K.L.:
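Structure below; questions to follow.
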Amino acid sequence: MVGQTLALALAGAGVEVTVLERAAPEAALAPTFDGRASAIAYASARLLAGIGAWEALAPHAQPILDIRVSDGESLLFLHYDHRELAAGQPFGHLIENRHIRFSLFAAMARAGVRVRAPVEVRGITTDEFGATVTFADGTTVRTRLLVGADGARSFVRAQAGIRSRGWEYPQAGIVLTVAHELDHEGIAHERFLPSGPFAILPLPGRRSSLVWTERRDMAAQITALDDERFAEELRDRFGDFLGDVQPSGPRWSYPLAFHRAETYVAQRTALAGDAAHTLHPLAGQGLNLGLRDAAALAEVIVDARRLGLDFGAADQLARYEKWRRLDAVALIAVTDGLNRLFSNDVAPIRLGRDVGLGLVNLLPPLKRVFVGHARGTSGKLPRLLLGEAL
Amino acid sequence: MKAEPLATTVDSAEIAKFSGLAGTWWDPTGPMAPLHALNTARIRYLRDQACAHFGRDARATQPLVGLRVLDVGCGAGLLAEPLTRLGASVTGVDASAEAIAAAQRHAEGGGLVIDYQVGGAAAAEGIFDVVVTMEVVEHVPNLDAFVAEAVAPLKADGLFVAATLNRTPKAFALAIVGAEYLLRWLPRGTHDWQKFVRPSELARALRTLDLHVRDVSGATFDAATATFALSRDVDVNYLLSASR
Ligand SMILES: Cc1cc2nc3c(=O)[nH]c(=O)nc-3n(C[C@H](O)[C@H](O)[C@H](O)COP(=O)(O)OP(=O)(O)OC[C@H]3O[C@@H](n4cnc5c(N)ncnc54)[C@H](O)[C@@H]3O)c2cc1C
């Protein structure tokens with residue numbers, strides 16, 4: 001998704017770009033390919049609008065009007081209301097990934113972006129002037145800059161010899177869509193249960209997307225339950241505040257890990273999205289962070305090109321690296337810290353975090369910082385995220 | 001086109017100084033790092049001045065297409081390559097054979113076609129739309145002779161653009177004491193303050209050739225971002241454009 005966004009941004013500015021993708025378009029657009037929904041921050045939506053992918057998404061986008069963070073059964077909770085924001089805009093929108101994938105594909109077809117899919121990248125060599133990519137069938141392409149937006153297990157990253165540090169969380173994320181009796185009123189809930197965060201994210205209609213974290217062994221057992229017993233486990237955690245709840249459609253389980261590449265660039269190579277960093281999904285920021293990478297990299301490339309500079313040269317890549325690194329480090333620290341703080345049941349920590357959440361609520365300036373991150377408007381933003389042309 | 005270096009316009013000790021660095025010229029983190037940092041501001045200035053003069057759209061992909069540009073003192077092609085990508089057909093001349101060899105090798109690697117020659121400004125008259133000479137006039141022994149030679153190949157409606165260092169106390173403090181001694185940004189002895197050129201001196205040399213200054217802008221270093229930005233402060237690095 002990050003790579004396609006970058007390709008669209010670049011093509012829109014007249015840069016010649018080719019997308020190499022392992023999955024065949026039919027497979028990637030099938031409803032069973034990716035069960036997740038993504039919280040698209042306000043700034044990310046502006047980016048998608050700028051590259052011509054938002055119009056088709058709008059009917060599938062559920063505005064998030066309120067975010068309620070609570071701690072298990074505790075009464076103290078952090079409450080973000082979109083009316084506290086200047087223009088009364090929503091925090092963002094929830095959109096099922098399959099819709100995002102579909103609209104990016106459609107926009108690429110309209111913009112005439114060259115796509116080679118399905119292809120398997122098997123080899124990469126770089127020199128002072130460019131990178132050569134070899135496919136499984138032995139054919140090659142030559143480029144001035146190779147962008148690795150190939151996900152958490154990035155082949156490009158490995159070939160560039162960039163090490164990635166991180167750890168696996170002892171948790172997995174169970175992801176599914178549920179149907180409920182009552183209207184969710186655009187409210188997203190993030191509950192910190194003893195096993196980890198449990199997020200209820202509103203989708204269009206009386207449906208919500210769940211990200212339900214459990215210890216890995218538990219997650220395997222829960223997802224293997226029959227429908228009736230699975231629904232029981234679900235109701236235990238979900239509660240009845242939206243009336244009756246029914247799982248709808250398949251369940252997925254994603255192992256959760258955190259990692260960050262030691263550097264985002266190497267000779268004639270740049271990493272973006274999950275290839276550069278994965279976050280704990282509790283803040284719903286992974287894709288947003290990747291979209292910010294895409295917007296920043298597009299801006300660096302287009303700015304260099306308008307001056308005839310070689311956008312794949314080391315000094316241009318260094319600009320990108322410097323611009324993006326801080327954002328990723330800050331988010332990783334925040335989400336990892338929150339997960340550690342909340343994924344346990346030790347009494348003093350429990351009390352501390354109850355008081356902590358209550359305090360954040362009482363302190364308007366601190367809250368504004370949190371709200372800014374939730375909307376994706378913290379830090380120096382690339383032009384595309386400000387709703388400006390490249 | 002054949003071009004021979006002239007004794008009055010080329011200082012052989014200066015050329016030897018730059019020839020020694022030719023191998024590292026394209027390394028943005030090497031000894032030429034300051035030139036890479038300055039390059040963005042230089043190209044922006046040149047592009048915008050040329051677009052204004054020739055009525056081009058600076059936001060086009062190749063705004064300089066069809067223009068013939070002579071780059072006098074092109075070094076390893078830091079300016080010649082971007083100008084080529086912006087559409088210009090570029091001739092680069094430099095008194096250092098090592099620099100020209102590095103320039104040729106680099107252009108070939110990047111798939112760019114640039115006409116590089118060892119020597120001074122070209123002998124043929126009136127064939128170039130733009131003549132540029134950047135970070136060169138502060139290294140020549142005779143400014144008037146150098147400028148006359150550089151301007152000779154310019155067409156009647158052509159544009160002349162130069163970048164250099166001003167002979168002010170501030171330039172001494174920043175370009176020599178700061179860049180060469182304190183920050184070790186530039187090798188010691190890169191610059192000789194006495195040879196720095198005031199905008200008025202450059203303007204006078206051009207006026208005798210019937211060229212008039214259109215614009216003088218500064219390029220100011222921002223330590224926080226380690227980049228140069230165009231500004232009105234011409235006390236240290238500045239750029240000048242002139243036409244008939
Ligand atoms: C449970 C869960 C919930 C999440 N919820 C949210 C959320 O609400 N909001 C949010 O912003 N983020 C969320 N995220 C994170 C988000 O899903 C990722 O950050 C995002 O998908 C990253 O996009 P990407 O394009 O970088 O990588 P990917 O989506 O992994 O895409 C990589 C692409 O590269 C292709 N590829 C890989 N290797 C090769 C190869 N050798 N040759 C050719 N092609 C190749 C793959 O086929 C794939 O299409 C969540 C993550 C999880 C696990």
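We name chains A, B, ... by the order of the sequence lines, and we start the count at 1 in each one. As the structure is a prediction and not an experimental result, all values here were calculated from the model.
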K.L.:
So does B:Gly218 get a backbone contact from the side chain of B:Asp233, meaning a donor-acceptor N/O pair under 3.5 Å?
P.N.:
no
K.L.:
For A:Asp303, is it the side chain, the backbone, both, or neither that has a heavy atom closer than 4.5 Å to a heavy atom of chain B?
P.N.:
neither
K.L.:
Please check if any side-chain donor atom of A:Thr18 sits under 3.5 Å from a side-chain acceptor atom of A:Arg114, or the reverse.
P.N.:
yes
K.L.:
Just checking, is any N or O donor in the side chain of A:Arg142 or A:Thr132 under 3.5 Å from an acceptor N or O on the other one?
P.N.:
yes
K.L.:
For B:Thr227, which atoms come within 4.5 Å of any heavy atom of chain A: side chain, backbone, both, or neither?
P.N.:
neither
K.L.:
Using the six-membered ring wherever Trp is involved, compare the ring planes of B:His191 and B:His139 and label them parallel, tilted or perpendicular (cut-offs 30° and 60°).
P.N.:
parallel
K.L.:
Please look at B:Asp27 and chain A and tell me whether the side chain, the backbone, both or neither of the residue comes under 4.5 angstrom of a heavy atom of that chain.
P.N.:
neither
K.L.:
Checking A:Ser103 side chain against A:Ala53 main chain: does a donor-acceptor pair fall under 3.5 Å?
P.N.:
yes
K.L.:
Could you tell me which of B:Leu64, B:Ile43, B:Asn39 has the largest number of non-hydrogen atom pairs under 4.5 Å with chain A?
P.N.:
B:Ile43
K.L.:
Does any heavy atom of chain A fall under 4.5 Å from the side chain of B:Arg47, the backbone, both, or neither of them?
P.N.:
side chain
